[in-house]
Amino acid sequence: MAYWLLKTEPDEFSIDDLAGRNGSPEPWNGIRNYQARNILRDQVSVGDEALIYHSSCKQVGIAGIAAVSRAAYADPDQFNPESKYFDPKASENDPRWFCVDVVFKRKFPRLVPLAELKRQAGLANMVLLRQGRLSVQAVTAEEWKLILQMA
DNA sequence: GCCAACGTTGGC
DNA sequence: GCCAACGTTGGC
């Protein structure tokens, strides 16, 4: 079992939206970055758990936890010309982008702000703090434990 | 809204 | 394959 962090803009899709799915799977789609894509496609597995991170909003930080319920499959939006995630270079035979399904696990009693994560010595090597722009990233067991304690 | 960091595109 | 120009992410 591995741990991940998934970024989302809460104005688009928040931890509350995920909670509102009442346990049904939510496709984590729209990932259009190769590094993130490779992690999704090659490493994220059913049963893994992920921190849900709220980005590009008033209160940035970690909002809760989701579990992976389906491993990588072709993101259908890449084939849909109506979608903003449409990719003319992708084809059904040769998909370029992938998504996974996640289910809601829990919402933290409070959002753990990015500023606090930055202050935590044990999190100094966290990918989130080292590499700004990666929307799917690995979290170590130690980091996971520490963040759950902060929540 | 600004701007730093970084990813992508495209000419050569 | 290099690199300049440009676009996007994302915190503040």
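A, B, ... follow the sequence lines: proteins, then strands. Residue 1 opens every chain.
Using a 4.0 Å cut-off between charged side-chain N and carboxylate O, A:Arg70 and A:Glu26 make no salt bridge. In summary, A:Asp87 and A:Arg32 do not engage in a salt bridge, as defined by a charged side-chain N under 4.0 Å from a carboxylate O.
For the pair A:Leu51 and A:Trp144, the minimum side-chain heavy-atom distance is below 4.5 Å.
As rounded to whole Å, 13 Å separates atom C1' of B:dA5 from atom CD of A:Gln35. The distance between atom CG of A:Asp11 and atom P of C:dG11, rounded to the nearest whole Å, is 13 Å. Spacing between atom CG of A:Leu114 and atom C1' of C:dG10 amounts to 10 Å, rounded to whole angstrom units. At whole-Å resolution of the value, NZ in A:Lys58 and C1' in C:dG10 are 16 Å apart. Note: CZ (A:Arg133) to C1' (B:dG7) measures 5 Å, nearest angstrom. Look at NZ on A:Lys84: it is 12 Å from C1' on C:dT8, rounded to the nearest Å. In this entry the distance linking CD of A:Glu9 with P of C:dG10 reads 7 Å, nearest Å. The interatomic distance linking A:His54 (NE2) with C:dG11 (P) rounds to 12 Å, in whole Å.
No donor-acceptor contact under 3.5 angstrom links the side chains of A:Gln35 and A:Gln137, judged on distance only. There is no side-chain donor-acceptor pair under 3.5 Å between A:Tyr73 and A:Arg41.
Put simply, A:Lys7 has no side-chain N or O that comes within less than 4.0 Å of OP1 or OP2 on C:dT9. Residue A:Tyr53 has a polar side-chain atom (N or O) positioned under 4.0 Å from OP1 or OP2 of C:dG11.
As judged by a 4.0 angstrom heavy-atom cut-off over every strand, A:Lys118 is placed among residues touching the sugar-phosphate backbone only.
Each end of the helix from B:dG1-C:dC12 to B:dC12-C:dG1 gets its own axis from five base pairs, and the two axes differ in direction by 10°, given to 10 degrees.
Using cut-offs of 30° and 60° for the angle between ring planes, the A:Phe13 and A:Trp28 rings count as perpendicular.
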Report the C-alpha distance between A:Glu49 and A:Arg106 in whole Å, list the side-chain angles of each, state the deciding distance to 0.1 Å, and finish with yes or no for salt bridge (Lys or Arg N to Asp or Glu O under 4.0 Å). CA-CA 11 Å; A:Glu49 294 191 309; A:Arg106 65 191 181 92; over 6 Å; no
